[in-house]
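Take a look at the structure below.
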Amino acid sequence: MINQIGENAGLVWKALNKSGRMSVKELKKETKIRTEKDLFAAIGWLAKEEKIDSAEKDGEIFFWLA
């Protein structure tokens, strides 16, 4: 389980590095991570390492590299 979260975190980081600020929907589509649960676990990993920032706008959450 931990290995999968780490691999997904790498996918999220690469997508953000390539595209900049992205919504949850955009990240899920770009990374092809199957579930939002898995996506948010990866985001949590990156947040714990202080690798990403986030903000909410009009009810949608956006992420970008710190």
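Taking both residues in full, the closest heavy atoms of I61 and S54 are given as CG2-CB, 4.4 Å, listed atom of the first, atom of the second, then distance. Nearest heavy-atom pair across A9 and A42 is N-CB, 3.5 Å.
The side-chain heavy atoms of E60 and V24, taken from C-beta on, include no pair separated by under 4.5 Å. Side-chain contact between F63 and L27: present, with at least one pair of heavy atoms (C-beta onward) separated by less than 4.5 Å. Residues I33 and V12 have side chains in contact (heavy-atom distance under 4.5 Å, counting atoms from C-beta outward). Proximity of T35 to D38: side-chain heavy atoms (C-beta onward) are separated by under 4.5 Å at one or more points. Two residues are said to be in side-chain contact when any heavy atoms from C-beta on lie closer than 4.5 Å; E56 and F62 fail this criterion.
With sequence neighbours left out, the side chain to side chain donor-acceptor pair (under 3.5 Å) criterion links E7 to no other residue. Scanning for side chain to side chain donor-acceptor pair (under 3.5 Å) contacts around W13 gives an empty result, with sequence neighbours left out. Remark: E30 pairs with K18 by the salt bridge (charged side-chain N to carboxylate O under 4.0 Å, His left out) rule, at least two apart or across chains.
One distance of note links CE of M22 with CG of L65; it measures 10.5 Å at 0.5 Å rounding. One finds the OG1 atom of T31 at 8.5 Å from the CD1 atom of I43 (value rounded to the nearest 0.5 Å). Between the CG atom of L16 and the CG atom of L46 there is a distance of 7.5 Å, given to the nearest 0.5 Å.
At distances below 3.5 Å, at least one donor-acceptor pair connects side-chain atoms of K28 with backbone N or O atoms of R34. Within the 3.5 Å criterion, the main-chain N or O of S23 finds a donor-acceptor partner in the side chain of E26.
F40 and W64 end up in different hydrophobic clusters when Ile, Leu, Val, Met, Phe, Trp and Tyr side chains are linked at under 4.5 Å.
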Show your reasoning for whether side-chain contact (heavy atoms from CB on, under 4.5 Å) applies to I52 and W45. CA-CA 10 Å; I52 60 171; W45 177 300; over 6 Å; no

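Applying the 6.0 Å contact sphere to NZ of K51 captures no more than 12 heavy atoms from other residues, nucleotides or ligands.
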